[in-house]
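Note that ligands are numbered from 1 as they come in the structure, with each ligand's atoms numbered from 1 the same way. Because only heavy atoms are used, hydrogens play no part in the values below, and waters and symmetry mates are left out as well, while side chains stay in.
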Amino acid sequence: MSLNSFFSRGPKYSEDQIKEALNALRDGIILIDRNNKIIWSNKNASEWLNLKDPFSQENIRAFFPTSDFDRFLSQSDENASLEAISPFTKSTFFSLQLIPFGETEKILVLRDITKPIQLEKVRTDFAANASHELRSPLTVISGYIDLMVEDKSIPLNWKKPIQDLAKQSERMKSVLSDLLVLFQLESESKKADEEIVDLQGIVMAVKKDCMAAKKPPKKFEVDFKDSGAILGDEVRIQSIVTNIIENALRYCDKDGEISVIWFTDAAGGHLSIRDNGIGMEEKHLERVTERFYRIDKGRSRKMGGTGLGLAIVKYALQAHEASLEIKSEVGVGSEFICSFPINRIHDEVINV
Ligand code: ADP
């Protein structure tokens with residue numbers, strides 16, 4: 001296909017003029033054929049990938065040799081984008097987009113996102129350092145407060161303020177500890193390990209803690225259709241399960257019923273955690289995994305929530321290429337479904 005056919009009306013531009021226009025773009029533009037060979041690249045793309053010739057004919061996969069990139073190349077969603085690092089400078093970050101072009105060709109658009117990524121890193125590093133700095137003094141302060149709670153010689157009129165202090169210092173400790181987990185998950189954007197994790201064992205341990213809580217649920221059912229062994233990072237899986245089940249407990253009343261079901265199908269493994277609690281309006285569902293997004297701040301705080309639990313769940317799932325679906329109805333309850341891809345299911349337990 002000639003580049004000229006982009007323009008059906010108006011003046012006819014020469015191919016050179018069109019290339020000149022594409023070379024003037026701030027984005028990198030790479031035209032690739034059906035075999036992923038580079039047909040042509042503009043000035044920025046050639047520079048970023050260190051291509052000596054704009055008609056290089058090299059296979060684009062050689063520049064981004066990851067399975068994520070392979071998946072990205074073979075998908076057909078025009079809105080899909082992928083973050084990738086420059087194979088040449090190793091310090092330039094791109095957002096990649098793929099646009100179908102001609103009969104079988106594609107345009108790969110590379111946008112330099114190094115600056116926003118660096119700014120984001122400075123911001124999260126600052127917040128992570130601040131949280132670390134706060135941890136030691138807070139441990140000392142809460143240690144003394146705990147001693148004061150126990151101290152019988154302290155005048156009675158100080159009892160209530162000291163109890164309030166103890167409650168608030170506990171809250172600060174929970175927020176700090178969740179923040180540190182979140183920063184760690186954010187900074188380790190790498191894939192989770194593939195060790196065999198006993199999901200059922202984790203669920204049973206969290207259930208035991210729940211039943212020992214001050215206000216345990218009336219009913220807690222666990223149904224695993226197989227042993228529930230998955231390939232992942234145990235600490236992160238534990239954090240996913242704990243956060244969702246703790247929420248189920250937190251947002252139920254005394255007649256709370258929680259059910260946890262695990263099953264596998266051709267798509268992978270699915271962990272459904274359902275409660276009959278207060279539920280959520282549809283408009284909140286998309287936002288509850290944002291940091292500090294709480295529908296009812298007062299209730300969340302009162303119940304010991306930090307507003308970070310589901311953000312932690314989201315990052316921990318992402319590291320396992322897993323997704324989260326939330327279904328909920330006000331006054332009826334909520335269901336959180338974590339779906340793990342088939343390659344994360346331990347071979348022996350696939351049940352399709
Ligand atoms: P929190 O520590 O406040 O529970 P999360 O990030 O875990 O923070 O959840 C964010 C918000 O989503 C909560 O404040 C609550 O409003 C809502 N939420 C989460 N889980 C449930 C649930 N099972 N039932 C009802 N609302 C929920």
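Between K121 and D125 there is a salt bridge, since a side-chain N of the basic residue sits under 4.0 Å from a carboxylate O of the acidic one. Between E120 and R123 a salt bridge is recorded (basic side-chain N to carboxylate O distance below 4.0 Å). Ionic pairing of R71 and D68 is present here: one or more N-O contacts between side-chain nitrogen and carboxylate oxygen are shorter than 4.0 angstrom.
Atom CD of residue E195 and atom CD1 of residue I230 lie 10.5 Å apart, to the nearest 0.5 angstrom.
If you look at R294 next to ligand 1, the close heavy atoms, those under 4.0 Å, come from the backbone and the side chain alike. Heavy atoms of F336 found under 4.0 angstrom from ligand 1 belong exclusively to the side chain. Of the heavy atoms in D275, only side-chain atoms (C-beta onward) come closer than 4.0 Å to ligand 1. With a 4.0 Å heavy-atom cut-off, ligand 1 is reached by the side chain of R250 but not by its N, CA, C or O.
At distances below 3.5 Å, at least one donor-acceptor pair connects side-chain atoms of S131 with backbone N or O atoms of A127. Here the side chain of S328 pairs a donor or acceptor atom with the backbone of G333 at under 3.5 angstrom. Side chain of H346 to backbone of V197: no donor-acceptor contact under 3.5 angstrom is found.
Protein heavy atom nearest atom 26 (N) of ligand 1, with residue, atom name and distance: M280 CG, 3.4 Å. In terms of protein heavy-atom proximity, atom 16 (O) of ligand 1 is nearest to I295 N, 3.1 Å. Given atom 11 (C) of ligand 1, the protein heavy atom at minimum distance is Y293 O, 3.5 Å. At the top of the distance list for atom 13 (C) of ligand 1, counting protein heavy atoms only, stands Y251 OH, 3.3 Å. Here the protein heavy atom with the shortest distance to atom 5 (P) of ligand 1 is L310 N, 3.6 Å. When hydrogens are left out, the protein atom nearest atom 12 (O) of ligand 1 is V288 CG1, 3.3 Å; that is the closest non-hydrogen contact. In this structure, the protein non-hydrogen atom closest to atom 19 (C) of ligand 1 is N247 ND2, 3.5 Å.
Using a 4.0 Å heavy-atom cutoff, T306 is listed among the residues neighbouring ligand 1.
Under a hydrophobic-cluster definition in which Ile, Leu, Val, Met, Phe, Trp and Tyr are linked whenever side-chain heavy atoms come within less than 4.5 Å, directly or via other members, V260 and I345 are assigned to the same cluster.
F94 and F64 have perpendicular rings, their planes meeting at more than 60° on a 0 to 90° scale where under 30° would count as parallel.
Taking a cut-off of under 4.0 Å to the non-hydrogen atoms of L308, the atoms of ligand 1 that pass are 6 (O), 8 (O). Those atoms of ligand 1 that come under 4.0 Å of a heavy atom in S300, given as number and element, are 1 (P), 3 (O), 14 (O).
Nearest to atom 1 (P) of ligand 1 by heavy atom, out of C252, G307, G309, is G307.
Across all non-hydrogen atoms, the minimal contact from G305 to R294 is O-NH1, 3.9 Å.
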